[in-house]
Amino acid sequence: GQQVMQIPQYQHVQEGEDFTTYCNSSTTLSNIQWYKQRPGGHPVFLIQLVKSGEVKKQKRLTFQFGEAKKNSSLHITATQTTDVGTYFCAGPGFKTIFGAGTRLFVKA
Amino acid sequence: DSGVTQTPKHLITATGQRVTLRCSPRSGDLSVYWYQQSLDQGLQFLIQYYNGEERAKGNILERFSAQQFPDLHSELNLSSLELGDSALYFCASSPTSGGAGDTQYFGPGTRLTVL
């Protein structure tokens, strides 16, 4: 069945450093979604990517969808302590497949 | 606030017991999803209901069952509880049947502790 892998599992950065998490699917995706879960909170939808090679930006966050629509990345420029949390990618479909997530720690 | 409500917020019970978790979706949303998140783990999809009917099933144990009522709220029933069932249980809702492109809105979760 479809699998969605995320790397790295954890990332420690100094405030102001950049951060990237990668999501890889075993199958071609019609779209991919990204969610953020703050510590002690619930997942919150960030964005959806649909087109091959699509790039979307939200302030310091840049989301990319691969040309083959099998991988995606989330890049945060100049991390801040408010970026702390776990970032999940999710493959579409009735049985939504979430990646294991990348937990971001930011040291002030 | 996502608009999805879950009760109770916390639940402590003993092994072998049965509990019911409740979820009310956002106004107008027809789909309800249930997820299990163990400590520092990812989200495991359990089951989805759309407009009262089961739509998709994930890795849900036979001891677990769910339903969605005519008013669209949903309940997740966990029986013969084991220590390993201790986890956060999230409910999410979405506007449509959950196909590609449907955004899910998560509730605050129910933290279940089985002693």
B:Phe106 ring center near A:Phe45 ring center (under 6.0 Å):
no

Do A:Phe88 and B:Phe90 share a hydrophobic cluster (ILVMFWY, side-chain heavy atoms under 4.5 Å, transitive)?
yes

Are more than 12 heavy atoms, taken from residues, nucleotides or ligands other than A:Asp18, located less than 6.0 Å from that residue's CG atom?
yes

Chain B contact via A:Gln37 - which portion, at a heavy-atom distance below 4.5 Å
side chain

Side chain / backbone / both / neither for B:Tyr105 at chain A, heavy atoms under 4.5 Å:
neither

Is there a path of hydrophobic side-chain contacts, each under 4.5 Å between heavy atoms of I, L, V, M, F, W or Y residues, that connects A:Ile47 with A:Ile32?
yes

Within one Ile-Leu-Val-Met-Phe-Trp-Tyr cluster: B:Ile60 and B:Val19, side-chain cutoff 4.5 Å
yes

Taking the side chain as every heavy atom from C-beta outward, state whether B:Leu43 and A:Pro43 have any pair of such atoms under 4.5 Å apart.
yes

B:Val4, B:Trp34: one ILVMFWY side-chain cluster at the under-4.5 Å cut-off?
no

Any link between B:Tyr35 and B:Val114 through a network of hydrophobic side chains (Ile, Leu, Val, Met, Phe, Trp, Tyr) touching at under 4.5 Å?
no

With a 4.5 Å cut-off on heavy-atom pairs, point out which of B:Ser2, B:Gly107, B:Ala92 contacts chain A the most.
B:Gly107

Interatomic spacing from NE2 in A:His42 to CD in B:Gln6 - rounded to 0.5 Å:
9.5 Å

Would you say A:Tyr35's side chain and B:Gln104's backbone share a donor-acceptor pair under 3.5 angstrom?
yes

CD of A:Gln48 to OG1 of B:Thr103, rounded to nearest 0.5 Å, is 5.5 Å

